[in-house]
Amino acid sequence: MVFYSESDYNDYMKKITTIAQELLLEVNHKDIAVDFTCGNGNDTFFLGHQFKEVYAFDIQQQAIDNTENMCRYLKNVYVHLDSHEHFDKYTRRLDAGIFNLGYLPQSDETVTTNADTVITTLNKVWERMNYEGRVVLVLYPGFETGKREAMKVEEYCSTLASKHFDVMKHQLINRKDAPYIICIDYHR
Ligand SMILES: C[S@@+](CC[C@H](N)C(=O)[O-])C[C@H]1O[C@@H](n2cnc3c(N)ncnc32)[C@H](O)[C@@H]1O
């Protein structure tokens, strides 16, 4: 990835994750949100202050511990050690969701999200979404697995029917392979 320094990269990451969160502030009905990849809990913590109920998922115990610790004072946050495609075992409906893809920072880089599982989960999301809603994905094409995942997820997003979906891509076009956002608005 072409960044000038680590602090440059960190500043950009802060910006992109903040933009992803802020996109969820525009959701009309802030009842139920899902953090599909809770990691260190930053997105869950943010959502916990904005939505009535938040469900958070991760497949690593370390991520669950971090998120529970981060959200220990929030009574509306439910954290589950489970893969995100099972989210419908825990909540029947949702208004908003976030997928921050890739691996847990400073952790095992081989434990990473998988495009097929993400797509399976997204297909369930549309069935469970209230009348309208928004899902935001942060994609990381800067490493090989992340690049393949981003291509596959983006390809899927580009096929969503325009009658029910508006799909927006937010990307730096002057930095190769920088993380970027896909924002999907759904309405029945
Ligand atoms: C980039 S991190 C998420 C960062 C997090 N949103 C935050 O605010 O700190 C990606 C996370 O996805 C998790 N993950 C990978 N596959 C998953 C799956 N199938 N279901 C749920 N989480 C998964 C990883 O364990 C990792 O913690």
Side-chain angles (χ1 to χ4, degrees), residues 1-24 33-51 54-74 77-87 89-91 96-122 124-125 135-154 156 170-172 175-183:
M1 206 180 303
V2 189
F3 279 96
Y4 299 112
S5 67
E6 193 172 334
S7 76
D8 238 17
Y9 180 74
N10 289 340
D11 283 352
Y12 173 66
M13 276 315 300
K14 225 181 279 169
K15 220 187 285 173
I16 199 103
T17 49
T18 303
I19 293 168
Q21 292 175 351
E22 286 176 350
L23 283 166
L24 293 174
V34 178
D35 183 350
F36 291 97
T37 55
C38 62
N40 287 322
N42 300 299
D43 297 324
T44 307
F45 182 81
F46 172 82
L47 293 171
H49 287 88
Q50 304 296 335
F51 285 78
V54 178
Y55 295 85
F57 298 91
D58 207 290
I59 52 171
Q60 297 191 72
Q61 187 61 50
Q62 187 193 338
I64 298 303
D65 294 345
N66 294 349
T67 302
E68 281 180 343
N69 185 39
M70 182 95 164
C71 299
R72 61 194 179 281
Y73 300 119
L74 294 172
V77 168
Y78 308 96
V79 185
H80 297 287
L81 178 64
D82 203 344
S83 182
H84 41 231
E85 79 268 31
H86 302 136
F87 77 94
K89 284 197 331 204
Y90 305 90
T91 177
I98 186 162
F99 290 80
N100 197 332
L101 301 182
Y103 53 84
L104 188 62
Q106 277 93 52
S107 183
D108 183 351
E109 298 186 9
T110 63
V111 184
T112 183
T113 48
N114 168 283
D116 292 331
T117 315
V118 171
I119 292 168
T120 301
T121 309
L122 284 169
K124 280 188 172 185
V125 166
V135 171
V136 172
L137 300 110
V138 184
L139 301 108
Y140 295 84
F143 64 108
E144 204 37 53
T145 327
K147 181 174 276 198
R148 282 201 300 274
E149 177 179 49
M151 277 169 62
K152 208 163 178 182
V153 170
E154 190 173 328
Y156 162 83
H170 179 106
Q171 183 177 36
L172 277 187
R175 292 195 186 195
K176 195 171 176 296
D177 292 338
Y180 65 97
I181 294 171
I182 290 181
C183 175

Side-chain atoms of residues 36-48: list all donor-acceptor pairs with protein atoms under 3.5 Å, sequence neighbours left out, distances to 0.1 Å.
from: Thr37; atom 1: OG1; to: Asn100; atom 2: N; distance (Å): 2.8
from: Thr37; atom 1: OG1; to: Asn100; atom 2: O; distance (Å): 2.9
from: Asn40; atom 1: OD1; to: Asn66; atom 2: ND2; distance (Å): 2.8
from: Asp43; atom 1: OD1; to: Gln21; atom 2: NE2; distance (Å): 2.8
from: Asp43; atom 1: OD2; to: Asn100; atom 2: ND2; distance (Å): 3.4
from: Thr44; atom 1: OG1; to: Asp35; atom 2: OD2; distance (Å): 2.7

For His170 and Tyr180 the tightest heavy-atom approach is O-CB, 3.3 Å
In this structure, CD of Glu68 is separated from CG of Asp58 (nearest 0.5 Å) by 11.5 Å
With side chain to side chain contact (heavy atoms under 4.5 Å, CB included) as the criterion, how do Val153 and Phe99 come out once you've worked through the C-alpha distance, each side chain's angles and the decisive distance to 0.1 Å? CA-CA 11 Å; Val153 170; Phe99 290 80; over 6 Å; no
Looking only at heavy atoms, the pair that brings Ile59 and Ser83 closest together is CG2-CA, 3.6 Å
* Give a yes-or-no answer on whether the side chains of Tyr103 and Gln60 include a donor-acceptor pair shorter than 3.5 Å. => no
**Message:** Apply side chain to side chain contact (heavy atoms under 4.5 Å, CB included) to residues Ile181 and Ile19 and explain how you reach the verdict.
**Reply:** CA-CA 9 Å; Ile181 294 171; Ile19 293 168; 3.7 Å; yes
On a heavy-atom basis, the closest approach of Val77 and Cys71 is CG1-CB, 4.1 Å
Tightest non-hydrogen contact, residues Pro179 and Pro141, listed as CA-CD, 4.0 Å
Heavy-atom donor-acceptor pair, Arg175 side chain to Leu172 backbone, under 3.5 Å: no
Subject >> Chi angles and distances behind the side chain to side chain contact (heavy atoms under 4.5 Å, CB included) call for Glu154, Leu139 >> reply: CA-CA 9 Å; Glu154 190 173 328; Leu139 301 108; 5.7 Å; no
Quick note, salt bridge (Lys or Arg N to Asp or Glu O under 4.0 Å) partners involving residues 143-153, not counting sequence neighbours, are Asp116-Lys152, Glu144-Arg148, Lys147-Asp177
In this structure, CG of Leu101 is separated from OG1 of Thr112 (nearest 0.5 Å) by 8.0 Å
*Given the side-chain rings of His80 and Tyr90, with only the six-membered ring counted for Trp, is the space between their centroids under 6.0 Å?*
yes
Minimal heavy-atom distance between Leu24 and Gly97, with the atoms involved, is CD2-O, 3.8 Å
Review point. Is it the case that more than 12 heavy atoms not belonging to Lys124 sit under 6.0 Å from its NZ atom?
Key: yes
OG1 of Thr121 to NE2 of His84, rounded to nearest 0.5 Å, is 4.0 Å
### Message
I'd like to know whether Ile98 forms a side chain to side chain contact (heavy atoms under 4.5 Å, CB included) with Val135, so could you lay out the CA-CA distance, the side-chain angles of the two residues, the decisive distance to 0.1 Å, and finally the verdict.
### Response
CA-CA 6 Å; Ile98 186 162; Val135 171; over 6 Å; no
Kindly check if the number of other-residue, nucleotide or ligand heavy atoms within 6.0 Å of CD (Gln61) is above 12? yes
Nearest heavy-atom contact between Val136 and Ala20 is CG1-CB, 3.7 Å
Ring centres under 6.0 Å, that's the criterion: do His86 and Phe57 meet it?
no
